[in-house]
Asker: 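Take this structure first; my questions come after.
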Amino acid sequence: MSQATNQSWGGRFSEPTDAFVARFTASVNFDQRLAPQDIQGSIAHATMLARVGVLTDDERDSIINGLKEIQGEIERGEFNWSVPLEDVHMNIEARLTEKIGITGKKLHTGRSRNDQVATDIRLFLRDEIDVIEVELKRLREGMIELADREAETIMPGFTHLQTAQPVTFGHHILAWQEMLARDHERLLDCRKRVNVLPLGAAALAGTTYPIDRHVTAELLGFDRPTENSLDAVSDRDFAIEFTSFASILLMHLSRMSEELVLWTSAQFDFIDLPDRFCTGSSIMPQKKNPDVPELVRGKTGRVYGHLMSLLTLMKSQPLAYNKDNQEDKEPLFDAVDTVRDCLKAFADMVPAIEPKKASMYEAARRGFSTATDLADYLVRKGVAFRDAHEIVGQSVAYGLKTEKDLSEMRLDELKQFSVTIEQDVFEVLTLEGSVAARNHIGGTAPNQVRAAAQRAREALSAFKAGA
Ligand code: ARG
């Protein structure tokens, strides 16, 4: 047999694989990342085979010891990855046979690389989901505490990016937190469908050996074996589901990033980000750039790209396994890495946001942000809303001309537009009065923000218990 022909399947071949084809079809350069899961899966498989009598206990022990040594070689960087051996699975199996002889070849009894790779990816993704979840919780906690601290801090709320009504900064941060709470639910929901064992499906139809898939599932911490062998080896919708979670999460982080970038600008001047999250410019000495949020915003694009890659990869694939599926790994790996890093960046950065309260307050004061409060005041005094809208519009026009906010006008100035206006109008024209008046669940009043932060805290710890 020629060296270039893979020893695992070379039996029926009469010439070696073309060197380019060997390189083109190999996945070892990227799927070696799955080595820990591949070994973990093989140990469970060998354990199960011994339990049902397909392997002797001695064979099992020799396989497990050999695999553990290989794990050490890989961790120490001593493992010699071979492209002619195609992928992580055959590299490890070939090394096992090299180390323990003929018994190494028995490990593959009752399985195929098709169910093996599906198992490896699911193990990998499940463990990464758990790491990602820790970062997501940390970020949510940071937001809840920031919101609680800033429950009374006033800023302008926007629609169309124009000053609309005053809100509290804590309320704004809790809006972010709500987005992440839904992402968190999506992640844990996705985990349920990831955590199912394909091993035992073998190439596509199952195996003639008396395997016990419940044993393997339990050894690997899977909730249950998959129901259908054809589906088990071909399905990658769990990876699509994860990347759609990732895309929605990154979409949310990109929105927060955009606001952080705007807020740190001299024009907004709403917050400061500590220097450790920023970099300077090599030409403009005065610059302090919000690189971290900018980069998170930018990384959203690659995650959307991975979602499109995986959706398109699976489109129209006939059952069961097709080599196309080898292309699932790089998008998934990069989506996982990007999500983890972006969440870590945000979880570190959010608690360090320093609101510039005076500047936010001034911005809210400048934009006639209590105009709706004046209209509501008139309605309470019996004026029809349409008329109130007109009266307030005229007051704002006057304010623009005289460069005065509504709260800075004298009573006689306001009375030009409606005689209904009395001294008590000033209670609603202040920013504090405006936010305090929105005093219901979901409203921006400081006591509502504190109560919402407390509910969010409780919901988050319930997540911890249920995860
Ligand atoms: N490297 C392959 C993959 O990632 C493993 C499964 C290959 N199976 C096969 N019959 N060629 O999908």
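Everything quoted here is computed from the prediction, not taken from an experiment. Position 1 is the first residue of the sequence, and the numbers go up from there. First listed ligand is number 1; within each ligand, the first listed atom is number 1.
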Asker: For atom 8 (N) of ligand 1, find the nearest protein heavy atom and state the residue, atom name and distance (0.1 Å precision).
Answerer: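 Looking at atom 8 (N) of ligand 1, the protein heavy atom closest to it is Asn114 OD1, 2.9 Å.
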Asker: Could you tell me which atoms of ligand 1, counted from 1 in the order shown, lie closer than 4.0 angstrom to a heavy atom of Lys329?
Answerer: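 Matching atoms, with element in brackets: 3 (C), 4 (O), 12 (O).
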Asker: Measure the acute angle between the ring planes of Phe270 and Phe268, then classify it against the limits of 30° and 60° as parallel, tilted or perpendicular.
Answerer: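 Perpendicular.
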Asker: Answer yes or no: is there a donor N or O on one side and an acceptor on the other, between the side chain of Ser42 and the main chain of Ile39, under 3.5 Å?
Answerer: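 A pair under 3.5 Å: no.
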Asker: Please state which option from Val28, Asp87, Asp115 has its nearest heavy atom closest to atom 5 (C) of ligand 1.
Answerer: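 Nearest heavy atom to atom 5 (C) of ligand 1 lies in Asp87.
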Asker: Is there a donor-acceptor contact under 3.5 Å linking the side chains of Thr168 and Thr153?
Answerer: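 The answer is no; no qualifying pair exists.
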Asker: Can you confirm whether Lys315 is buried at NZ, in the sense that more than 12 heavy atoms of other residues, nucleotides or ligands lie under 6.0 Å from that atom?
Answerer: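 No, because the 6.0 Å sphere around NZ of Lys315 holds 12 heavy atoms or fewer from other groups.
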Asker: Among all protein heavy atoms, pick out the one at the shortest distance from atom 12 (O) of ligand 1; state its residue, atom name and that distance to 0.1 Å.
Answerer: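 Result for atom 12 (O) of ligand 1: Tyr321 OH, 2.4 Å.
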Asker: Measuring from atom 11 (N) of ligand 1, which candidate in Glu327, Arg113, Gln326, Met90 has the nearest non-hydrogen atom?
Answerer: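 Looking at heavy atoms only, Arg113 sits closest to atom 11 (N) of ligand 1.
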Asker: Contact between ligand 1 and Gln116 is defined here as a heavy atom of the residue under 4.0 Å from a ligand atom; is it met?
Answerer: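 It does not; every heavy atom stays at 4.0 Å or beyond.
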Asker: Answer with yes or no whether the side chains of His440 and Gln448 bring together a donor and an acceptor at under 3.5 Å.
Answerer: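 Not at all, the side chains of Gln448 and His440 share no donor-acceptor pair under 3.5 Å.
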Asker: Classify the contact between Glu86 and ligand 1 as side chain, backbone, both or neither, using a heavy-atom distance cut-off of under 4.0 Å.
Answerer: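 Within the 4.0 Å criterion, Glu86 makes no contact with ligand 1.
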Asker: Short list, please: which atoms of ligand 1 are under 4.0 Å from a heavy atom of Ser27?
Answerer: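 By the 4.0 Å cutoff, the relevant atoms are 1 (N).
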Asker: Should the ring pair Trp176 and His172 be called parallel, tilted or perpendicular, given that the plane angle runs from 0 to 90° and is split at 30 and 60?
Answerer: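 Correct class here is perpendicular.
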